[in-house]
Amino acid sequence: MAEPFYITTPIYYVNARPHLGHAYTTIAADVVRRFHRMSTDQTFFLTGTDEHGDKIVRAAKKENCTPREYVDKISGLFQNLWPELNISNDAFIRTTNPAHMAVVERILQRIYDAGDIYFSEYEGLYCFGCERFYTERELVDGCCPDHQTPPETIKESNYFFKMSRYQQWLIDHIEQHPDFIRPERYKNEVLAFLRDPLGDLCISRPKSRLQWGITLPFDSDYVTYVWFDALLNYVSALGYPDGDLYKTYWPVAQHIVAKDILKPHGIYWPIMLKAAGLPIYQHLNVHGYWNVDQSKMSKSIGNVIEPLEMKNIYGLDAFRFFLMRDMAFGLDSNFSEEALVQRINADLANDLGNLFSRVIAMVHKYFGGVVPEPDPAVEKEMDLGLEHNARAAIDAYAVAMEAFAFHKGLAAVWEFITHMNKYVDVTAPWNLAKNKAARKQLETVMYNLLEGLRIISGLIYPVMPDTAATMQKHLGMSGTDDFFKLEKLCAWRGLTPGVKLRKSISLFPRVDLDKKRQPAEPPVEVAKTAKPIKPEITIDDFAKIDLRVATVVSAQPVPRAKKLLQLEVDLGETRTIVSGIAADYAPEALVGKQVIVVANLKPAKLMGVLSKGMLIAATDAAGVTVATLDKPVTPGTPLS
RNA sequence: GGCGAUGUAGCUCAGUUGGUCAGAGCAUGCGGCUCAUAUCCGCAGCGUCCGGGGUUCAAAUCCCUGCAUCGCCA
């Protein structure tokens, strides 16, 4: 029996709602966890939410609720999403959980007692509006980018974690365990970072400016810095230090993270573990970003694809398959509906779905739906090596999946599916069926094909658990919940002759994007990608927004900004407005156009340019479209 | 500004230590089959392997340089 397996996702910071990135990470974790179930019964899968820190306090303030109410709400969104994506996590941890907080205190105390935490004073640029420090670099013209006020230099005392003491140890550890951080590119990135002296990590925040956190056990005037708090979830969730789960699973821990949090996981975390005297995790598995329709996914651009949308339109398993098949784990990938549909049609509908359907249909046609008995002598005589192909696919698949190369694992399965289709072509059962003397051959051929489908159903289980179960059912294997065990897949002749099969079905319907778009009544398209409607407002609420017609007088790109245009508009008075439409509008194309402006929006500095108001525009998959008027209107006219 | 990654067929990408390495899948064209979700099987075309220079008998593969994109750091 293989050793136990423990996989974690990061605990997601609850200052934003779940998006595709969260879904990918969590599905990937679910896939590896299910993959390991194929060889061991001892697996544990943890996800959760990270709920402390000043960003949470500010987000809560914005929504007029307490931090507690706020984190409960957002954490709930994550917890509710996972079942819909068929995520099989065993536990869901929250950093506001008292048991977690106790573990954080305990480990802080332990490191403190060991002498790796010291108290020190430092000076920094602080914006009282934002309640945070800024580096010189982050300032715009020496001012806070949010408040346009100069930050003040203040002195603050804090606790620091002596990471520098462990720098060489960490370098050695990474070099002695070449796949500690994988893929290799991220290992190299961490090592590159470690070539420079490692600074100590500030691990506290004075309560005078932040209360939402875990109080330091050795100084009640401070709370713990969020990363220090958050990383410990991986052990607290297992019941560190005495829990059975901890004893079983911590020694085999593996993490999955996106590349943006490589540093905390690749540097802070192993050093924290070392300093606290805990075993170091086994592997850090780092993946890239999903770019949406070529442009970087970003909340501010508003092109975040709701994972549930695609799932609802094309089916959950197809969605999971696409995410796992199209991204080379570690690299960035593009997410587009076209790519998704192409995968569905080519791989799922044509290759697998059609294979399944044609094989089952033939069993019905030639054997009344009863699994035939294969003949060893005939098998030997025909010698077409399907069993060998299956075995080769399983081996290649297992190696790839073990190393988080999901795309390669699935490619191996699809190579076998191609062999299966070819096998149908070569053996031509419809010809064998015409010849009574070839009955035994037909029985053997059809049995082999059913066997191949059984293997396939097992191999796709981690990525497409529902489809795997459906295939099993239609292969007459219902009732067994361990059909995906590797040892079963490796044993050819697992199907029982004589079992009556259900009617053939289409596992994956083909998608015709053109047809879908031709009659494209816009409402249908819009409804498909539209975000949920915001909560109801009154006419008075609306009246607060001063929308005006404005004529664009001039337009020019903002230096060093890819998406921004600086516009001078006439709305009775002349104003400067910065708008993120450069990707879709040439400056000269805008001059003279009448646009709609939010005239009473609080001014904001974008890339150093003060923007007094905002252009109304629509953003969809095709890009940005500026809202204009039907016919000319006097500049400055209000809209209502 | 410093460091690093990437740049290969229309698209997405494989190409280990330099020598059938010019590849795969999708898309396109043609042919075949008819069990099947107009699916499957076979064949074919397309590439100055980012530009330039160098090392070598031999470079997509090593070195230098330029360009582009991206990332990390300051």
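The figures that follow rest on heavy atoms only: side chains count, while hydrogens, waters and symmetry mates do not. First the proteins, then the strands, lettered A, B, ... as listed; each starts at 1.
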Just name whichever nucleotide pairs with B:U48, Watson-Crick or G-U, keeping both distances under 3.5 Å, else none. none

Heavy atoms only, 4.0 Å cut-off, all strands: where does A:R510 land among base, sugar-phosphate and nothing? base

B:C26 phosphate, OP1 or OP2: any side-chain N/O from A:R343 under 4.0 angstrom? no

Taking atom C1' in both B:C30 and B:U8, compute the distance separating them and give it to the nearest angstrom. 27 Å

Using a distance-only test with no angle check, is there a side-chain donor-acceptor pair under 3.5 angstrom linking A:S164 and A:D200? yes

Scanning all shown strands, the Watson-Crick or wobble mate of B:C26 with both distances under 3.5 Å is B:G10

B:C21 pairs with, by Watson-Crick or G-U criteria that keep both distances under 3.5 Å: none

Using 30° and 60° as the class limits, which term best fits the ring planes of A:F335 and A:F322: parallel, tilted or perpendicular? perpendicular

Side-chain donor-acceptor pair under 3.5 Å between A:S457 and A:Q472, yes or no? yes

Tell me whether the OP1 or OP2 atom of B:A5 has a side-chain N or O from A:N188 closer than 4.0 Å. no

Return whichever of A:Q342 or A:L348 has its heavy-atom-nearest nucleotide of RNA chain B closer to the 5' end. A:Q342

Checking all strands, does A:F356 fall into the base, sugar-phosphate, or nothing category for heavy-atom contacts under 4.0 angstrom? nothing

Whether A:W227 and A:H265 hold their rings parallel, tilted or perpendicular, with breakpoints at 30° and 60°: perpendicular

Applying the Watson-Crick and G-U wobble criteria at under 3.5 Å, what pairs with B:G71? Answer none if nothing qualifies. B:C3

Using the C1' atom on both, measure B:G19 against B:U56 and round to a whole Å. 11 Å

Return whichever of A:F193 or A:D425 has its heavy-atom-nearest nucleotide of RNA chain B closer to the 5' end. A:D425

Take the protein atom OH of A:Y289 and the nucleotide atom C1' of B:U6, then report the distance between them rounded to whole Å. 17 Å

Under-4.0 Å side-chain N/O to phosphate OP1/OP2 contact, A:K422 with B:G42: yes

Under 4.0 Å, heavy atoms only, any strand: does A:A192 hit a base, just the sugar-phosphate, or nothing? nothing

Residue A:K263, side-chain heavy atoms: nucleotide from B:A36, B:C73, B:C40 that is nearest: B:C73

For the pair A:H474 (side chain) and A:I505 (backbone), establish whether a donor and an acceptor sit closer than 3.5 Å, ignoring hydrogens and angles. no

Can you tell me how far P in B:A59 sits from the matching atom in B:G51, rounded to whole Å? 15 Å

With rounding to whole Å, what would you report as the distance between B:G10 and B:G4 at their P atoms? 32 Å

Just the rounded figure in Å: distance from P of B:A14 to CG of A:L410. 16 Å

Can you check the distance between B:C40 and B:G15, where both ends of the measurement are the P atom (answer in whole Å)? 27 Å

Base, sugar-phosphate, or nothing: which does A:T418 touch, judged by heavy atoms less than 4.0 Å apart? sugar-phosphate

Between B:U28 and B:U34, how far is it from one C1' atom to the other, in whole Å? 24 Å

C1' gap between B:G23 and B:U16, integer Å: 15 Å

Considering every strand and a 4.0 Å limit on heavy-atom distances, what is the contact class for A:L507: base, sugar-phosphate, or nothing? base

Applying a 3.5 Å limit to both distances, which nucleotide forms a Watson-Crick or G-U wobble pair with B:A59? none

Distance, C1' atom - from B:A58 to B:C50, rounded to whole angstrom: 23 Å

Judged by modelled atom types alone, do A:N285 and A:Q254 share a side-chain donor-acceptor pair under 3.5 Å? yes

